[in-house]
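Within every chain, numbering begins at 1; the chains are lettered A, B, ... in the order of the sequence lines, protein sequences first and strands thereafter. These figures come from a predicted structure and were not determined experimentally.
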Number of protein chains: 2
Amino acid sequence: MLTDRQLLIFQVIVDDFIQTAQPVGSRTLSKKEEISFSSATIRNEMADLEELGFIEKTHTSSGRIPSEKGYRYYVDHLLSPQKLNQYDIHKVQSIFAERIYELEKIVQRSAKILSELTNYTSIVLGPAVRDNKLKKIQIVPLNKETAIAIIVTDTGHVENRMFHLPENIDASDLEKVVNILNDRLAGAPLESLNNKLYKEVAVLLRHHINNYDLMLNSIADTIKIPAYDKLFFGGKTNMLSQPEFHDIEKVKNLMNMIEQEEGIYDLIRKNKSGINIKIGRENNNSAMENCSLITASYSIGTEQLGTIAILGPTRMEYSRVISLLNYISADLSAVLSKLYQNR
Amino acid sequence: MLTDRQLLIFQVIVDDFIQTAQPVGSRTLSKKEEISFSSATIRNEMADLEELGFIEKTHTSSGRIPSEKGYRYYVDHLLSPQKLNQYDIHKVQSIFAERIYELEKIVQRSAKILSELTNYTSIVLGPAVRDNKLKKIQIVPLNKETAIAIIVTDTGHVENRMFHLPENIDASDLEKVVNILNDRLAGAPLESLNNKLYKEVAVLLRHHINNYDLMLNSIADTIKIPAYDKLFFGGKTNMLSQPEFHDIEKVKNLMNMIEQEEGIYDLIRKNKSGINIKIGRENNNSAMENCSLITASYSIGTEQLGTIAILGPTRMEYSRVISLLNYISADLSAVLSKLYQNR
DNA sequence: TGTTAGCACTCTTTGTTACCGAGTGCTAAT
DNA sequence: ATTAGCACTCGGTAACAAAGAGTGCTAACA
């Protein structure tokens, strides 16, 4: 559908615009090494490319910039994977250099490094807790009225919540409860806890504890998995340095959306494994009109755990970002698998 | 040092500028209800006020704006406490309406509400963990090599860290360790744990456990209190709506500083109890040149727990913000005292 | 027939000029 | 002591010109 020459010209336009953020004119193009024909020829080809919807003008006599359709084509057909340099690799390795065991911390460091290497904003959707299996429940009474329930999952994730103790419950009662809970629920996926609690544990509690229903509700309430997994960000302010965000209104929209988190969550979550690229309005979000979002997933073994993403202007260094995401997500998966496979 | 009339004029200038963000001229002033003399008179008085350093011009023939010295005087001498309206009070009450027990969540909600009521950025320094006393330590083994240590404090704060298990340690060993730890350390302030651990617990461990030193180090590492207490923010993007931040560079500086957190920490922490006001360069921070920071402390009983603050432009509604901070910090202290006094 | 030189045209950017309005400082009259 | 009046200053806006970058189209060229 596109001739080789059109392809070449298009590629050079996109590459140049990604670098300079300035519309690219025929004269600029004709001076490039890769290009050996005159500006007039280029103008003709550009007119065709524009008619096909790959490039646009900002005004009648301006140079061209890639359209969203153009970026899409560029990303789908013209991208050559970029080789990471020594510095990048070194930086990524440094995520895992320190002996940290907590999943969350590793993930958080990844977000930070990723934003530093790209100068864009990085977003990491933390490890999904819902598939974790319960390792242990513990209850620590603080005083007569309140206690803390703590649950530990097989990946080492810890959740805790305070709750009200029913009256007239003593330490030995609590101990019984904890024993029953661990006995019945250990090993079960967090998702199923609530169900099991009422179906299996309720009966047992009744035999041992007075006012067991109040207690049960408190525990059920405590055990509920958070609806959203944690989001980690890196370089939230990096977008302020991008020329397309010299307009305060755009910045405000974007920042608000980042601050809200819910919107981000929707954008990040529903992605297949591997690399996903959403360009501009493909994100279906007015605050992201000038942005692209590239996501990659990381996993333990075959189980997809979370998502790691870069948010940048549509004029983004796609090739570099994809390479980095691929590299980090692979490393992340490898390290995590090694740490937690045998759980 | 200032005549009554100068005082009046100065006050009206500040009040007007806080509202409009526009330099105030003599004609505008002469039209105000409070003011019954001519613009020429006002001009003379303004010249004096400028000579005294309370107000400034933005250019030779502009109206006047308050100087930093002016704001300082205004805040120290002219502030009349503002009465909160029904809506404000209702909003603040809503922080405590839901039955939440976790300190952190209450504090976080306060930050959110505060930013919504003021349209500035709110910062809350979370409850200091260092003075908490240890309630319970627990260790949950995840697999042969790793375990999680969980500590619970008397205020219900939970910290957890993963650590490497020494080889050849079994469940009963771990149980012994936990018992010893709780026996010896429960009730001690977190700050003193490290010390006690090596002084008192080490001896005991030696008798019961092989390779006790490795274990000890892991535990010591785990028990370390975080150097910084948690910061909570509300309305990080609110500043983008202030006219003084139409300049992207200023926004970038400020946002970066907020994102870093360390700088904020320094600003917030070293404040006496009660209300503290830092205006513009008094903050000693170039990113905050156009900002004022008002802090208040909250406490349980007489023990100062944390700080609650508002970051806004120097042209801030001081009176309203101070009233709000006073009100919230008092409420916060009252509720927290009630919940945790009897710990 | 594909390529290119040339040219008229368009649109943005930049600089100049002029002018209005808001505000000031100073002087002189009240 | 207060104020009316006036000359002056400065920012903002609009109108206009000129420069520069780029385009589309036509006609000449290989």
Flag if over 12 foreign heavy atoms under 6.0 Å of CD, B/Glu34: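 Enclosed.
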
Would you kindly give the [atom1]-to-[atom2] distance between [X] and [N], to the nearest whole Å?
X: A/Ile42; N: D/dG24; atom1: CD1; atom2: P; value: 13 Å
X: B/Asp48; N: C/dG25; atom1: CG; atom2: C1'; value: 12 Å
X: A/Ile55; N: D/dG22; atom1: CD1; atom2: P; value: 14 Å
X: B/Arg5; N: D/dT3; atom1: CZ; atom2: C1'; value: 11 Å
X: A/Leu29; N: D/dA21; atom1: CG; atom2: C1'; value: 13 Å
X: A/Glu45; N: D/dC25; atom1: CD; atom2: C1'; value: 16 Å
X: A/Ile65; N: D/dG22; atom1: CD1; atom2: P; value: 14 Å
X: A/Met46; N: D/dC25; atom1: CE; atom2: C1'; value: 15 Å

For the side chain of [X], counting heavy atoms from C-beta on, which of [options] is nearest?
X: A/Lys57; options: D/dC10, D/dT23, D/dT2; result: D/dT23
X: A/Thr41; options: D/dT2, D/dT23, C/dT4; result: C/dT4
X: B/His59; options: D/dG11, C/dT3, D/dG24; result: D/dG11

Do the rings of A/Tyr74 and A/Phe10 sit parallel, tilted or perpendicular, given the 30° and 60° boundaries? perpendicular

Counting only N and O atoms by type, is there a donor-acceptor contact under 3.5 Å from the side chain of B/Arg64 to the main-chain atoms of B/Ile55?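 Here the side-chain-to-backbone pair does not exist.
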
Checking A/Arg320 side chain against A/Leu84 main chain: does a donor-acceptor pair fall under 3.5 Å? no

Give the C-alpha distance, both sets of side-chain angles, the deciding distance and a yes or no for side-chain hydrogen bond (donor to acceptor under 3.5 Å, both in side chains) between A/Arg43 and A/Ser26. CA-CA 6 Å; A/Arg43 280 202 290 284; A/Ser26 56; 3.2 Å; yes

What contact category does B/Thr28 fall into here, base, sugar-phosphate, or nothing, at under 4.0 angstrom with non-hydrogen atoms? sugar-phosphate

Describe the nucleic acid contact of B/Ser62 in one word from base, sugar-phosphate, nothing, applying a heavy-atom distance below 4.0 Å. sugar-phosphate

DNA chain D nearest-nucleotide lookup for B/Asn44 and A/Ser26: closer to the 5′ end is B/Asn44

Does the side chain of A/Arg27 get closer than 4.0 angstrom to OP1 or OP2 of D/dT23 through an N or O atom? no

Is B/Thr60 near enough to C/dT24 that one of its side-chain N or O atoms lies under 4.0 angstrom from OP1 or OP2?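 No, because none of the side-chain N or O atoms of B/Thr60 sits under 4.0 Å from OP1 or OP2 of C/dT24.
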
Under 3.5 Å, is there any donor-acceptor pair linking the side chain of A/Arg43 to the base of C/dG6? yes

Check: D/dT9 base within 3.5 Å donor-acceptor of B/Ser61 side chain: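 Check passes, donor-acceptor contact within cut-off.
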
